[in-house]
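Atoms within a ligand are numbered from 1 in the order they appear, just like the ligands themselves. Keep in mind that this is a model prediction, so the values were computed, not measured.
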Amino acid sequence: MSGAEARREELVALYKEVSVCEKCVLHETRSKTVFGAGNADADLMFVGEAPGAEEDLQGLPFVGRAGKLLNEMLVEIGLSREDVFICNVLKSRPPNNRDPLPGEIAACEPWLFEQVRLIEPRVVCTLGNFATKLLTGNPTGITRVRGVPQTHELGGRTVFMLPLFHPAAALRTPAVKEQLRADFATIPALLEKALPAPMPSAAEIDEAESRVTEAPSPPEAPAADQLGFFGEPGS
Ligand code: SF4
């Protein structure tokens, strides 16, 4: 079995685990979990916030008007839904689309990290403020960070992260739609770009720092006249 096939099988096993997940209270009110959908071997992943009402009923991500716009923009850059993987940070719908609570995020985000580890994307596009702030670890709003790729470690991989407006926001405001379209246009070049070298883990940084601390200090340099720079004594 090839590496890709093995990863696909692991992803199917993960899907089965998530579909019965009861790690947070959202399992009590959801209809279906929304694991995500698309190419299990995708170079490009999109991550939104949480399923909405229609996604919750169908068990699929981005199926409404926002999903249709996402599809259109993919086609404009020569891709389709089948080429990418689309999911959310939260796999179960918060009631009435309320903001996810910190405990729910903490319970659910390991599923996303596992998805990234198994799919091995090169580029992860965060859709909207919530997913962007959470995955970049930076509270700066989407309006200021959109369209500028960042490098982050996610699911044990170094990836390019590209913050984008949420397609739902683009549907509400034509100017946002045009900015989203312009940011989408940068994706093909980003997919071609060489991935940065993996960032060292916290443990590796600690180890390197302790080596520096423990290293013996270099011997003091002898004075210049001890080296005979000015000729042999008596010469
Ligand atoms: S939101 Fe995530 S952690 Fe909570 S029940 Fe659903 S799948 Fe499990």
When distances are taken from atom 2 (Fe) of ligand 1, the protein heavy atom at minimum range is Cys108 SG, 2.3 Å
Checklist entry - Taking the side chain as C-beta and beyond, is there a heavy-atom pair between Leu74 and Ser80 under 4.5 Å? => result no
### atom 6 (Fe) of ligand 1 to nearest N/O/S of Thr33 below 2.8 Å
no
For Lys23, the ligand 1 atoms with a heavy-atom partner under 4.0 Å come out as 3 (S), 5 (S), 8 (Fe)
The protein heavy atom nearest to atom 6 (Fe) of ligand 1 is Ser92 OG, 2.2 Å
Looking at Glu55 and Arg93, is there a salt bridge between them, counting it only when a charged N and a carboxylate O are closer than 4.0 Å? no
- Query: Mind checking whether atom 2 (Fe) of ligand 1 has an N, O or S of Cys21 under 2.8 Å?
  - Reply: no
Salt-bridge present (Arg8, Glu5; N to O < 4.0 Å): no
Q) With a 4.0 Å cut-off, would you call Lys32 and Asp56 a salt bridge? A) no
Checklist entry - Is the shortest heavy-atom distance from the side chain of Phe160 to the side chain of Pro121 under 4.5 Å? => result no
One finds that the ligand 1 atoms under 4.0 Å from a non-hydrogen atom of Leu90 are 1 (S)
Under 4.0 Å between heavy atoms, the region of Glu104 that gets near ligand 1 turns out to be neither
Q: Could you tell me if the ring centre of Phe46 sits under 6.0 Å from that of Phe184?
A: yes
Q. Is the shortest side-chain N to carboxylate O distance from Arg146 to Asp183 below 4.0 Å?
A. yes
Numbered in order shown, the ligand 1 atoms found under 4.0 Å of a heavy atom of Lys91 are 7 (S)
Closest to atom 4 (Fe) of ligand 1 among protein heavy atoms sits Cys24 SG, 2.3 Å
Atoms of ligand 1 under 4.0 Å from any heavy atom of Arg30, numbered from 1 in the order shown, are 5 (S), 6 (Fe)
